[in-house]
Amino acid sequence: MAKILVTGGCGFIGSHTIVDLVENGYEVISVDNNSRSNPNVLRGVELITGRKVKNYKVDLCNFDDTFAIFQENTDITGIIHFAAYKAVGESVENPLLYFENNLVSLINLLKCVQEFHIPHFVFSSSCTVYGEPDEIPVTETTAPKPAESPYGYTKQMSEQIINEFAKSSGTQNILLRYFNPAGAHPSAIIGEMPVGKPQNLVPVITQTAIGRIEKMMVFGNDYPTRDGSCIRDFIHVCDLAHAHTLSLQYLESGRQSELCKVFNLGTGTGISVLEAIHAFEKASGNRLNFEIGPRRPGDIVAIYANNDLARNELGWEPRYTLDEIMSTAWKWELRLKADETVFSSQYGELN
Ligand code: WQD
């Protein structure tokens, strides 16, 4: 059985990907320092899959501690690297924190990939590398623009580091550019757990609907789009998770000829902020308390994916609809509130 190391395994996309990997026959270990995640998420993974997944509570910025994981697990056949800070606004306020954390952790990991000859490496990248695209939908060959934030620069620089590393290491690499991940596992046993006040649209919507946020703000409705609000490509986290399993299978099959290959992971459909809000209201039966406010600095007007390459090469087929993104996100928010006692016994204190 192939053994996969998942970094950031206690995070939103990491935990959903571990479920998919286990359900597809992989043995998985996680490394996550839990600085921004809850270690008990893996108990949720166990509830869903019936399999216990070990987490190494290690900071990947500590090379010796990272190296020790590989010394203890010499049978790792692949790595999926999620662990990174990802709050756009925070990265603007504290750029060095982002450059140090996101790049030093990657470099330490790649040193271990080299030392232990790990054959397959899958990296969590982002559509943010495209900046404000001149034309949409974007393909994998759409030229990246200057990033809009230090967070975005860390993703662009990480891709470059992996590209150069690939030329010398013999490891085969896949870079997955996520669009806007959202929703939750249909079981409502795992889902998105933003640390503090959420930044991303869908958790803001569900926390507003549940009353944790009094009234949410739509950041601008004066953009040159069909309804004036920004356009994004919302992709269900379970569809995103399955793309990682398919990426490993693609590498293991020997079908990838390139040393480093990029795939867009989006639905291919652009949805506006206001359309997303109305989709939530329809899916949940809740009217949302929101108002139109000023634009948010750094926001791009519109982006959505051309996902033909992932469909044709990986055999990836996004299955969840926008309605299901909203209904699973809402079911998860309800679970968080309704089962706070049961839930905290499973997850410990909610952040
Ligand atoms: C989406 C739209 C906001 C909150 C970023 C990163 C990307 C990925 C996802 C990590 C924008 C609007 C939001 C609110 C609003 N990061 N919005 N009111 O900025 O597209 O992408 O997060 O995985 O790499 O770049 O996502 O959800 O923050 O914003 O109106 O309270 O929703 O203005 O137009 P974004 P987002």
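One-based numbering, in listed order, for ligands and for the atoms of each.
With 3.5 Å as the limit, one finds no donor-acceptor pair spanning the side chains of Y85 and N94. Inspection of the E90 and Y98 side chains reveals an N or O donor paired with an N or O acceptor under 3.5 Å. With 3.5 Å as the limit, one finds no donor-acceptor pair spanning the side chains of E275 and H278. No side-chain donor from either of E324 and S327 sits under 3.5 Å from a side-chain acceptor of the other. S253 and R255 share a side-chain donor-acceptor pair at under 3.5 Å. Between the side chains of D323 and T321, no donor-acceptor pair of N or O atoms lies under 3.5 Å.
What sits closest to atom 18 (N) of ligand 1 on the protein, heavy atoms only, is M217 O, 2.8 Å. The single protein non-hydrogen atom nearest to atom 28 (O) of ligand 1 is R296 NH2, 2.9 Å, given as residue, atom name and distance. Summary of contacts: the protein heavy atom closest to atom 26 (O) of ligand 1 is N180 ND2, 3.1 Å. Of all protein heavy atoms, the one lying nearest to atom 5 (C) of ligand 1 is N200 ND2, 4.0 Å. Protein heavy atom in closest approach to atom 4 (C) of ligand 1: Q199 O, 3.3 Å. The nearest heavy-atom contact from the protein to atom 20 (O) of ligand 1 is R232 NE, 2.6 Å. From the protein, the heavy atom lying nearest to atom 10 (C) of ligand 1 is Y151 OH, 3.4 Å. Protein heavy atom at the shortest distance from atom 6 (C) of ligand 1 is V88 CG2, 3.8 Å.
For ligand 1, the atoms lying closer than 4.0 Å to a non-hydrogen atom of V273 are 2 (C), 12 (C), 30 (O), 32 (O), 34 (O). Applying the 4.0 Å criterion to heavy atoms of K86 picks out, from ligand 1, the atoms 10 (C), 23 (O). The contact set between ligand 1 and S126, taken as ligand atoms under 4.0 Å from a residue heavy atom, comprises 7 (C), 24 (O).
Cation-pi geometry between K54 and Y56 is satisfied (NZ or CZ under 6.0 Å from the ring centre, within 45° of the ring normal).
An N or O contact shorter than 3.5 Å is missing between C230 and ligand 1 by distance. In terms of polar-atom proximity, defined here as any N/O pair under 3.5 Å, L201 does make such a contact with ligand 1.
Of the listed residues (F219, Y178, F82), the one carrying the non-hydrogen atom nearest atom 30 (O) of ligand 1 is F219. By heavy-atom distance, the residue among N221, V204, V218, L240 lying nearest atom 31 (O) of ligand 1 is V204.
F116 and I79 fall within a single hydrophobic cluster, where Ile, Leu, Val, Met, Phe, Trp and Tyr are joined by side-chain heavy atoms under 4.5 Å apart, directly or via other members. Following chains of ILVMFWY side-chain contacts shorter than 4.5 Å, one cannot reach V218 starting from V301, and the two form parts of different hydrophobic clusters.
No option in F123, W316, Y178 other than Y178 meets the ring-ring contact (aromatic ring centres under 6.0 Å, His included) test with H244.
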